[in-house]
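Note: hydrogens, waters and symmetry copies are ignored here, and every other heavy atom, side chains too, is used. In what follows, chains are A, B, ... by sequence order, proteins preceding strands, each numbered from 1.
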Amino acid sequence: MALVLFNTFTRKKEEFIPLEPPYVRMYNCGPTVYDTFHIGNARNFVVVDVIRRYLMYKGYKVKFVQNITDIDDKIIARAQQEGASTEEIARRYTEYYFKYINLLGIMPADENPRATEFIPQMIEFVQKLVQKNSAYVVDGDVFFRIKSYPHYGELSGKKLDDLKKGARVDVDPRKEDPLDFALWKSAKPGEPYWESPWGKGRPGWHIECSVMSMAHLGETLDIHSGGIDLIFPHHENERAQSESLTNKQFVRYWLHNGFLNIESQKMSKSLGNILTIDSILEQYDPEVVRYFLISAHYRHPLDYSQTNLREAKSAWQRLVDSTITTDEIIRLLLKDGSIRESDIAQMNETIEQRLSTFRSQFEQAMDDDFNTAEAIAALFNIVGEINTLRENINQQLKNGHSPEPGKVSYLSALNKLLKELIGVLGFRLPEKPTLSSELTDNLIRILVDIRQKARQQKLFEFADMIRSRLNELGIVLEDHPQGTIWKFKQ
RNA sequence: GGCGACGUAGCCAAGUGGAUUAAGGCGGAGGUCUGCAAAACCUCUAUUCGGCGGUUCGAAUCCGCCCGUCGCCUCCA
């Protein structure tokens, strides 16, 4: 099956063919570490994480690079505001960034280059552009000359004339063209700086990504991603300067995720509706947040609301519950000897067939421009099959028959498949009791046994007390025909 | 002003010319199971896809107009 993705550049879905299969060079515009990151940033990080994981699942060898912009105007502004150094600010929010992407279950990038580590390469890059006449120097600033790059505007689909008409910012009169942008900025007094051929200064914000992506991935990237707002001017400028330097295609596939809105409105500082990721993770499990973030197609706008998060929580719960209950039921069946490990391992063609139908439903969805909404639907179809099957086995049990080994092995295989695909989307299921919590498990089982005795003797008040006291501790008991199982309340 | 996206059940959200009952989830109603629960299962919850026209044998899917929502063009994921 061919993987198809929507390329912002062509505005079409295209089959994904990396430059040198099976290698994939992937770059995502990372954070500028001047502040905490918000749920909208999280959407980008999670979406890109899912894309990366799926490419790996498909057998690609992905090298994933995400930069950290640790010097720029906003960091300087923040530092001055707080009377701190830019390094301090950058360090603080870099830590924050790593802490929270880790909590969100985002795989660490293969490389996280920082802008300040690549200043010499940036200077060299700019120098070459000046030599090629693609850039010019004015009073210690260096500007990119967009006239030198005939393809300017192609990525964002903008006409240069329209851009000029729509300009809402005062134009720097030293620019040859209002659309020329800074490659190197001279330092004002009190600002951090690096020595350069043009005097003291710092890199412009677009040059960083070009330099750092090329440093780690070469001159042509397979995938370059970011939020939809980065198309213009950031990615347009990256493309212009990179291709001017190399005369090669900079990016094969441009991917952009849609915005996350708050109550249908864009998040912005001026509206004061920024939701930082830490405030959300205080209320919701990271997996719930991930579920919410990929419950809609990545290119569509997504609306944040408490209702939507609560909905995600219930849906995620259904997924988790199915896997836990199935695990526990199989465990009980093994324990009382009504089924054996060797029975479970038994596969046959019918089972294989059905499993692959479920798997391919998932893959078809993901192959179609990473349609996570549909992929999740595929997951729920598996859940439905599992739960119906379990019900079926319950029925047999109640009728005094021991469960058919074929059914149990199908159940077990479905459960395994479900867990695998949940993992492909980057979700983490609650962990099995570890060695340290084995004691807990054993203690609860003692209580479960005592309650069972009480129920047999119709001491329901006593039995219910055990159940409700455990419930107060966040432990839920469920009585199944195979026996009683326990779970942690979510 | 220029460019673009979107409008599918109470809510979230796939589908984008014809197999098909228009996925899946949340919520709700009724039932089954249970000592009671929980979880789960079963049934029901869009003759219809913002509105009006058009193209077509056939449209939620294509075209036009209208209404509504949102975004980019400026730092921004």
Looking for any heavy atom pair under 4.0 Å, which part of the strands does A/Leu260 touch: base, sugar-phosphate only, or nothing? base
Please determine if A/Asp464 and A/Arg469 form a salt bridge, counting it only when a charged side-chain N lies under 4.0 Å from a carboxylate O. no
Does A/Asp464 contact B/G35 through a side-chain donor or acceptor facing the base, at a distance under 3.5 Å? yes
Hey, which sits more toward the 5' end of RNA chain B by its nearest nucleotide, A/Asn257 or A/Trp316? A/Trp316
May I ask which nucleotide in the shown strands pairs with B/U16, Watson-Crick or G-U wobble, both distances under 3.5 Å? none
Closest heavy-atom pair and its distance - A/Leu425, A/Val50: O-CG2, 3.4 Å
Ignoring hydrogens and geometry beyond distance, is the side chain of A/Arg467 in donor-acceptor contact with the base of B/A37 at under 3.5 Å? yes
Applying a 4.0 Å non-hydrogen cut-off, can you work out what A/Asn471 is touching in the nucleic acid: base, sugar-phosphate, or nothing? nothing
For B/A40, the Watson-Crick or wobble partner whose two distances fall under 3.5 Å: B/U32
Taking the side chain as C-beta and beyond, is there a heavy-atom pair between A/Phe6 and A/Glu14 under 4.5 Å? no
Only one of A/Trp184, A/Phe143, A/Phe181, A/Phe144 clears ring pair (Phe, Tyr, Trp, His ring centres under 6.0 Å) with A/His206; which? A/Phe181
Watson-Crick or G-U counterpart of B/G71, or none if no pair lies under 3.5 Å: B/C3
Going by 5.5 Å between centroids and 30° between planes, is there a stack of A/Phe380 over B/G24? no
hbond_proxy A/Asn44 side chain to B/C76 base (donor-acceptor, 3.5 Å cutoff): no
Nucleotide paired to B/C11 in any strand shown, Watson-Crick or G-U, under 3.5 Å: B/G25
Does the pair A/Arg52/A/Asp110 count as a salt bridge with the N-to-O cut at 4.0 Å? yes
Could you tell me which nucleotide pairs with B/A46 by Watson-Crick or G-U wobble geometry, both distances under 3.5 Å, or answer none if nothing does? none
A/Asn67 side chain to A/Thr69 side chain, donor-acceptor N/O pair below 3.5 angstrom: yes
Name all residues meeting the ring pair (Phe, Tyr, Trp, His ring centres under 6.0 Å) criterion together with A/Phe37; count only those two or more places apart in sequence or in a different chain, and write none if there are none. A/Phe45, A/Tyr96
Want to settle it: does A/Lys458 or A/Cys29 sit nearer the 5' end of RNA chain B, counting the closest nucleotide to each? A/Lys458
Which atom pairs link the protein and nucleotides 42-44 of chain B when you take only N or O atoms and keep those under 3.5 Å?
none

Look for any protein N or O under 3.5 Å of an N or O in nucleotides 9-13 of chain B and output each such pair with its distance, or none.
from: B/C11; atom 1: O2; to: A/Glu311; atom 2: OE1; distance (Å): 3.2

